[in-house]
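Data block below; observations after.
FYI, side chains are in, hydrogens and waters are out, and symmetry mates aren't considered; it's all heavy atoms of this structure.
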Amino acid sequence: MGTVHASTRREEKPSALHNEKECISCVEPQDRGPGNPGSFEDLHRKVKELYPQNFEGARLIIRKVLSEHFNVTHSITLSSVTPSGYKFGASYVGTKMVGLKERYPVIMGEISPNGNLSASFVHTLGCRFRFKLSAQVAKGLYKASSSTAEYRANDFTVAVTMANPDFTRSHGTLVMHYLQAITSRITLGAELACLRGSKVPGGLQTVMCVAFRYSTGLTTLSGTLGEAGLHLCYHHKASSQLELGVELETNVRTHHSIATIVYQMNVPYADLVFRGIVNSETSVGAVFEKRLYPIPECSLVISGLMNHSKQQFRVGVGLNIGK
């Protein structure tokens with residue numbers, strides 16, 4: 001009898017598990033495509049993230065995590081070049097999970113005592129459709145605003161952005177993006193921008209460009225080519241501690257080109273991160289960030305930027321407290 005009861009209990013276990021509700025993902029397991037290529041604005045993201053955030057003067061940033069979803073930031077800047085003063089920022093991240101890392105909605109904003117405000121709102125419908133709203137207010141007037149609608153399929157992304165619309169005068173900018181993943185390494189796309197306003201030559205102007213990206217994981221080559229010019233970026237991860245990036249921008253209309261080399265060196269055992277930049281306009285800059293102990297989540301930031309042709313040199317010292 002003991003053997004019969006034991007076997008019965010073992011048979012009941014799988015049936016209970018079978019009745020549980022399974023989680024449905026955006027991409028089915030049988031879909032073996034190249035994957036979604038991401039947003040068009042992130043085409044050169046790996047190189048852009050290596051750029052040092054140079055500043056001048058003294059800066060203090062205090063970040064406070066109030067909960068799992070809400071945190072605030074206090075920043076004070078003292079400088080003779082950039083606008084000085086106090087700024088208060090806040091951000092909220094919702095509970096809706098899309099993938100393993102994305103959570104929505106995301107609300108971010110920053111305000112200064114003189115009333116200048118910048119804010120953005122990002123949310124998603126399902127797991128494929130995203131929309132973003134952003135605005136800037138200065139001296140009680142809207143300086144800039146934009147709204148973006150984006151659809152992410154299994155192997156392509158389509159987005160439409162409307163910037164600074166003025167429907168009464170039929171002014172504004174409309175930008176359409178399309179990215180198609182050909183393989184897991186190759187991505188092709190196009191951008192079409194329509195500008196309409198009194199300051200635009202002829203009242204209406206259309207600019208188009210094509211884009212590509214080739215990525216192997218350790219190296220990424222991306223670029224855009226259109227009527228405005230050529231933009232190329234190359235990123236290489238030499239090791240877990242060193243990353244290199246090269247950027248070339250050429251404006252066909254003004255016949256002006258600039259080449260930039262950026263790099264990031266991370267030394268974990270010394271708790272420091274070093275970012276540097278060198279460009280063809282004789283500018284050399286770097287930002288040095290060192291963790292301070294025994295103060296938790298505190299780091300010292302030193303910035304330096306020199307332009308040899310203009311004979312300008314700017315130094316900044318900052319203190320970051322909190323995550």
Side-chain angles (χ1 to χ4, degrees), residues 34 36-48 51 118-125 128-138 141-183 186-215 220-235 246-260 280-281:
N36 184 269
S39 302
F40 194 95
E41 59 184 11
D42 295 333
L43 198 67
H44 310 298
R45 179 177 57 86
K46 288 188 175 182
V47 174
K48 295 298 184 182
Y51 271 77
S118 61
S120 63
F121 173 77
V122 185
H123 202 16
T124 178
L125 297 177
R128 297 186 182 274
F129 183 77
R130 292 169 176 81
F131 60 91
K132 178 180 179 180
L133 305 174
S134 61
Q136 293 181 359
V137 179
L141 300 175
Y142 282 98
K143 292 297 182 180
S145 63
S146 66
S147 56
T148 302
E150 181 182 83
Y151 177 79
R152 296 187 180 185
N154 291 347
D155 58 355
F156 70 89
T157 300
V158 179
V160 178
T161 301
M162 182 176 294
N164 303 323
D166 188 350
F167 298 102
T168 58
R169 298 186 300 173
S170 300
H171 288 182
T173 302
L174 181 66
V175 183
M176 291 174 284
H177 293 148
Y178 178 79
L179 273 184
Q180 175 70 55
I182 307 301
T183 65
I186 301 176
T187 300
L188 300 178
E191 178 188 60
L192 177 64
C194 299
L195 298 84
R196 185 167 185 175
S198 57
K199 298 182 180 180
V200 179
L204 179 64
Q205 185 177 8
T206 303
V207 180
M208 184 177 180
C209 73
V210 294
F212 73 93
R213 180 178 61 201
Y214 177 79
S215 177
T220 301
L221 176 63
S222 58
T224 57
L225 176 62
E227 302 175 16
L230 174 67
H231 187 189
L232 291 176
C233 286
Y234 175 77
H235 173 269
V246 180
E247 183 176 23
L248 174 64
E249 292 183 271
T250 300
N251 193 317
V252 179
R253 298 173 181 175
T254 61
H255 303 283
H256 176 73
S257 298
I258 179 173
T260 307
S280 58
E281 294 184 337

Y234 side, atom OH; K46 side, atom NZ - distance, nearest 0.5 Å:
11.5 Å
Heavy-atom pair with the smallest gap, counting every atom of D155 and Q180:
O-NE2, 3.1 Å
For side-chain contact (heavy atoms from CB on, under 4.5 Å), just list the numbers for T260 and Y51, CA-CA rounded to whole Å, side-chain angles, deciding distance to a tenth of an Å, and then say yes or no.
CA-CA 10 Å; T260 307; Y51 271 77; 3.5 Å; yes
Which of T187, L232, I182 passes side chain to side chain contact (heavy atoms under 4.5 Å, CB included) with F212? It is L232
C209 to G226 - nearest heavy-atom pair and separation
CB-CA, 3.7 Å
Show, in sequence, the C-alpha distance, side-chain angles and deciding distance for K48 and E247, and conclude whether the salt bridge (charged side-chain N to carboxylate O under 4.0 Å, His left out) test is met.
CA-CA 9 Å; K48 295 298 184 182; E247 183 176 23; 2.7 Å; yes
Closest non-hydrogen atoms of V207 and E227, given as atom of the first, atom of the second and distance, are CA-OE1, 4.2 Å
To the nearest 0.5 Å, atom OG1 of T250 lies from atom CD1 of I258 at 10.0 Å
If you take all heavy atoms of L179 and G189, which pair is closest and at what distance?
CD2-CA, 3.8 Å
N164 side chain to S145 main-chain N or O, any donor-acceptor pair under 3.5 Å?
yes
Hey, can you tell me if F156 and Y151 have their rings parallel, tilted or perpendicular (30° and 60° cut-offs)?
tilted
S39 and side chain to side chain donor-acceptor pair (under 3.5 Å): which single residue from R130, R152, R45, K132 fits?
R152
Determine whether the side chains of H256 and E249 contain a donor N or O and an acceptor N or O closer than 3.5 Å.
no
Test log, rule side-chain hydrogen bond (donor to acceptor under 3.5 Å, both in side chains), inputs S120 and S134
CA-CA 4 Å; S120 63; S134 61; over 6 Å; no
Distance-only side-chain donor-acceptor flag, T220 / S215, under 3.5 Å
yes
Begin from the C-alpha positions of T224 and H44 and carry the test side-chain contact (heavy atoms from CB on, under 4.5 Å) through to its verdict.
CA-CA 10 Å; T224 57; H44 310 298; 4.0 Å; yes
Mind listing the closest non-hydrogen atom pair of V160 and M176 along with its distance?
CG2-CG, 4.1 Å
Would you say Y178 and E191 are linked by a side-chain donor-acceptor pair, where the criterion is simply a distance under 3.5 Å?
no
Kindly indicate, with the supporting measurements, whether the criterion side-chain contact (heavy atoms from CB on, under 4.5 Å) is fulfilled by L192 and T206.
CA-CA 7 Å; L192 177 64; T206 303; 3.4 Å; yes
Mind checking the CG-CE spacing from L133 to M162? Nearest 0.5 Å is all I need.
12.0 Å
When you measure from the side chain of T157 to the backbone N and O of G38, does any donor-acceptor pair fall under 3.5 Å?
yes
Please assess L43 against H231 for the test side-chain contact (heavy atoms from CB on, under 4.5 Å), listing each intermediate value before the final yes or no.
CA-CA 11 Å; L43 198 67; H231 187 189; over 6 Å; no
Looking at F129, is its backbone amide N or carbonyl O close enough to the side chain of T124 to form a donor-acceptor pair, meaning the two atoms are under 3.5 Å apart?
yes
Give, for atom CG of L248 and atom CG of L230, the distance between the pair rounded to the nearest 0.5 Å.
6.0 Å
Work out which heavy atom in S118 is nearest to a heavy atom in Q136; give both atom names and the distance.
CB-CG, 4.0 Å
